[in-house]
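Step one of this worksheet: look at the structure below.
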Amino acid sequence: MKGGRLTYRFARPNALSGGSASGGAMGTNSEVAQLFREIADLLDLAGERFKPEAYRRAARSLEGLPEDLRALAKRGEIDAIPGIGDALAEKIREYLATGSIPYLAKLQAQFPPGLLELTRLPGLGPKTARRFWVELGVEGPKELADALAAGRLNGVKGFGPRKIELIGQALASATTPGRRLSMVEADQIARSIVASLRARAPLDAVELAGSFRRCRETVGDLDVLVTSREPEKVFDAFTTLPGLARQLMRGPTKSTIVLDSGLQVDLRVVAPEEFGAALQYFTGSKDHNVHLRSIAKARDLRINEYGVYRGEERIAGATEKEVYATLELPWIPPEIREDHGEIEAAQHHRVPKLVELSDVRGDLHVHLAADATATTVRSAVAGGEALGLEFLGFAVPADSGSSDELVKIVRSTPSSRLRVLLGAEGTPDELAALDPGAFDYAIATRPTHEAERPKRGGHPKGATSPPTLLAHFPPPNPLPDGSSLVVGPEAPSHGVDSSLLRQLAEAGGAIALSADSPDGNDLDRLRLAVGLARRGWTTAATVTNARPWAART
DNA sequence: GCCGTTTTCGGCCCGACTGTTTTCAGTCG
């Protein structure tokens, strides 16, 4: 069964699928991934050495799939998924057929359910949880709190006063688990951290690494990487940042804090000659790095966060480019470093040239509040000019009577440096009722009757000519001819994530990148939309607003 | 449990940090 492995091909034309009505990752895939993670945690408790990571690797792989497991199962391609072998393929098939995995139930029966909760407390892992259970009969957080209060932890080997104190803190803070932030939220926090550090400590290079740099749709923590001649001053500034809740650790090269928001932030100070290696290493993803290391190993090289080594000799490390070059790879854009085919593509020099912020010539989806004034619009236009945009389109509601005033304001706003455009946004019915000559373009939203009856493949009928832009979430499949899907920084919360964009890109679908900014205040957020698009392997060719306005039809 | 320019067995990333240790184990990323 194992011989002649199929190479899994991501996405297929016309597979822009659905199933994603509820926010991004396809339901089945993330369900199975979640179950695999639970199996991994239980296997940790059981003391297994390598199986847990195998299940976690499989879980990550499933979450990165652009296609639903059920569709893959139909084509018999389950065991072609990276990280899924015979055993896990069988468990997936069991789940698809019955809705459960017997192996998980079997593992669950071996441990009290509260034990897993214990391992989720910060600083408390499977080994400790298991010891508490075996030695103290502790079956969960509640029993642990009782044991702690009764002083039953005193005198347990390996548990001094400090550790007991930390366990108490962990139990107390257990009610506020850090949630993952959206890219928009993470971006704001990251920028303020960098600004604050720069203002208060002598920094040379500073970069955000981790999933933030990969522009993941959500971010669980932030990794700040810095070079500085005075690391201590940087750590001093870091551990006194505004909004700091507590410091988790501080060593000579690394410090970790938690902000009031619950967000964990890591800071590392590295030497300039190590900066590229550290940036590469901490940008990840884990699977991307594991894959790189296996390539390095085959060449008798070793990669870590300090550099690339041949024996004891460091042969690269100052820049990411030279790190990749030692593996005869071109530099790979951070947004696609997921081990989702980018390394193979790089080996064959087939990584597409991803869209860049400088490719974007305008934004066609600036919202205006009903009470927007001429000042509002002028200020938005000034923002667009400052960014060097060639055109800026305001989306005015097609339905409301108050739109007339907005139309007048937009039409009378002058700009010598960019073209001010007027778009009508509404359901196909509303757009059809408009005078076609009154607007420069149309933005179709989901018809109201369709919203009540979510159905894929809906084509806005009766729209004035084919709509230029589509603000349907989740988008219909396929996209209507001649339309472009509006993609803003908050698209992931509407089910438009990078894997959907990658399918769209491979199917040749067009998108329109937008800052999606109210009143045009934050046109700068365009770079977040660009990041999301890059993550979806999007090139400038499929970005409608990367072309001059005049070149549009 | 997965995987293979180390192929069907024998590996599986590894360093920083912490607390408790007298040299290390556990956790984390």
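All values below were derived from every heavy atom in this structure, side-chain atoms included, with hydrogens, water molecules and symmetry-related copies excluded. Every chain is numbered from 1 and lettered A, B, ... according to where its sequence line falls, protein lines coming before strand lines.
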Discussion item. What's A:Glu53 touching, base or sugar-phosphate or nothing? Going by heavy atoms closer than 4.0 Å.
Written reply: nothing
Worksheet item: Given the P atoms of B:dC14 and B:dT6, what is the spacing between them in whole Å?
Response: 16 Å
Worksheet item: Mapping A:Thr253 and A:Ala87 onto DNA chain B by nearest heavy atom, which one lands closer to the 5' end?
Response: A:Ala87
Practice prompt. Just compare B:dT6, B:dG19, B:dC17 and give me whichever is closest to any side-chain atom of A:Ala298.
Written response: B:dT6
Practice prompt. Can you tell me, in whole Å, how much space there is between the C1' of B:dC13 and that of B:dC28?
Written response: 14 Å
Discussion item. Starting the side chain at C-beta, find the nucleotide from B:dT18, B:dT27, B:dG15 nearest to A:Met249.
Written reply: B:dT18
Worksheet item: Considering only the C1' atoms, how many Å lie between B:dT8 and B:dC2, rounded to the nearest integer?
Response: 12 Å
Practice prompt. Name the residue closer to the 5' end of DNA chain B, choosing between A:Arg57 and A:Pro252 according to the nucleotide with the nearest heavy atom.
Written response: A:Arg57
Practice prompt. May I ask you to say what A:Arg250 touches in the nucleic acid, namely base, sugar-phosphate or nothing, with a heavy-atom cut-off under 4.0 Å?
Written response: sugar-phosphate
Discussion item. Strictly below 4.0 Å: does A:Arg293 bring a side-chain N or O up to OP1 or OP2 of B:dC13?
Written reply: no
Worksheet item: Is the base of B:dT6 touched by the side chain of A:Lys297 through a donor-acceptor pair closer than 3.5 angstrom?
Response: yes
Fill in: Nearest listed nucleotide, side chain of A:Lys91, among B:dT27, B:dG1, B:dG19
B:dG1
Worksheet item: Quick one: does A:Thr256's side chain have a donor or acceptor within less than 3.5 Å of a partner on A:Met249's backbone?
Response: no
Worksheet item: Which of the following nucleotides, B:dT27, B:dT20, B:dC2, is nearest to the side chain of A:Leu88?
Response: B:dC2
Item to complete: Output yes when a side-chain donor or acceptor of A:Asp223 lies under 3.5 Å from a complementary backbone atom of A:Asp266, and no otherwise.
Response: no
Discussion item. What's A:Phe36 touching, base or sugar-phosphate or nothing? Going by heavy atoms closer than 4.0 Å.
Written reply: nothing
Discussion item. So if I take every side-chain heavy atom of A:Lys127 and compare against B:dT20, B:dT27, B:dC13, which nucleotide ends up nearest?
Written reply: B:dT27
Worksheet item: Taking CD1 from A:Ile78 and P from B:dC2, how many angstroms apart are they, rounded to a whole number?
Response: 13 Å
Worksheet item: When rounded to the nearest Å, what value does the distance between P atoms of B:dC9 and B:dT22 take?
Response: 44 Å
Discussion item. If I take atom CG in residue A:Asn304 and atom C1' in nucleotide B:dA16, what distance separates them, rounded to the nearest angstrom?
Written reply: 13 Å
Worksheet entry | For atom CZ of A:Arg131 and atom P of B:dG19, their distance in whole Å | 17 Å
Discussion item. Restricting to ring pair (Phe, Tyr, Trp, His ring centres under 6.0 Å), what partner residues turn up for A:Tyr95, sequence neighbours left out?
Written reply: none
Worksheet item: Any side-chain heavy-atom pair from A:Ile511 and A:Val496 closer than 4.5 angstrom?
Response: no
Discussion item. Quiz question: by atom type and distance under 3.5 Å, do the side chains of A:Arg180 and A:Thr218 form a donor-acceptor pair?
Written reply: yes
Fill in: Atom pair distance, as rounded to whole Å: CZ in A:Phe159 and P in B:dC24
19 Å
Worksheet item: Over how many whole Å does the gap from A:Glu90 atom CD to B:dC2 atom P extend?
Response: 11 Å
Item to complete: Take atom CD1 of A:Ile92 and atom P of B:dG1, then tell me their distance rounded to the nearest Å.
Response: 13 Å
Worksheet item: Atom CG of A:Asp44 and atom P of B:dC12: how far apart are they, to the nearest Å?
Response: 18 Å
Item to complete: Check step by step if side-chain hydrogen bond (donor to acceptor under 3.5 Å, both in side chains) holds for A:Ser493 and A:Glu490.
Response: CA-CA 6 Å; A:Ser493 65; A:Glu490 279 151 17; 5.7 Å; no
Discussion item. Distance alone, cut at 3.5 Å: any donor-acceptor contact between the side chains of A:Thr240 and A:Arg200?
Written reply: yes
Worksheet item: Looking at B:dG15, B:dG1, B:dT27, which one has an atom nearest to any side-chain atom of A:Tyr306?
Response: B:dG15
Discussion item. For B:dG15, give the paired nucleotide (Watson-Crick: N1-N3 plus N6-O4 or O6-N4; G-U: N1-O2 and O6-N3; both under 3.5 Å), or none.
Written reply: B:dC28
Discussion item. Nearest to the A:Ala54 side chain among B:dG15, B:dC14, B:dG1, which nucleotide is it?
Written reply: B:dG1
Practice prompt. Pick the P atom in B:dT21 and in B:dG26, then give their distance to the nearest Å.
Written response: 14 Å
Fill in: N or O in side chain of A:Gln264 less than 4.0 angstrom from B:dG29 OP1/OP2
yes
Discussion item. Applying a 4.0 Å non-hydrogen cut-off, can you work out what A:Leu124 is touching in the nucleic acid: base, sugar-phosphate, or nothing?
Written reply: sugar-phosphate
Worksheet item: Counting any heavy atom closer than 4.0 Å, what does A:Phe282 reach on the DNA or RNA strands: base, sugar-phosphate only, or nothing?
Response: nothing
Discussion item. Between B:dG11 and B:dT18, how many Å separate the two P atoms, rounded to a whole number?
Written reply: 34 Å
Discussion item. Using atom C1' in both nucleotides, what's the gap between B:dA25 and B:dT20 to the nearest angstrom?
Written reply: 9 Å
Worksheet item: When you check the side-chain N and O atoms of A:Asn289 and A:Gln280, is any donor under 3.5 Å from an acceptor?
Response: yes
Discussion item. Whether A:Thr256 contacts B:dG29 is assessed here as follows: a side-chain N or O lying under 4.0 Å from the phosphate OP1 or OP2. Is that the case?
Written reply: no
Fill in: Nucleotide B:dG26, atom P - distance to CG of A:Leu118 in whole Å
16 Å
Discussion item. What contact category does A:Lys51 fall into here, base, sugar-phosphate, or nothing, at under 4.0 angstrom with non-hydrogen atoms?
Written reply: base
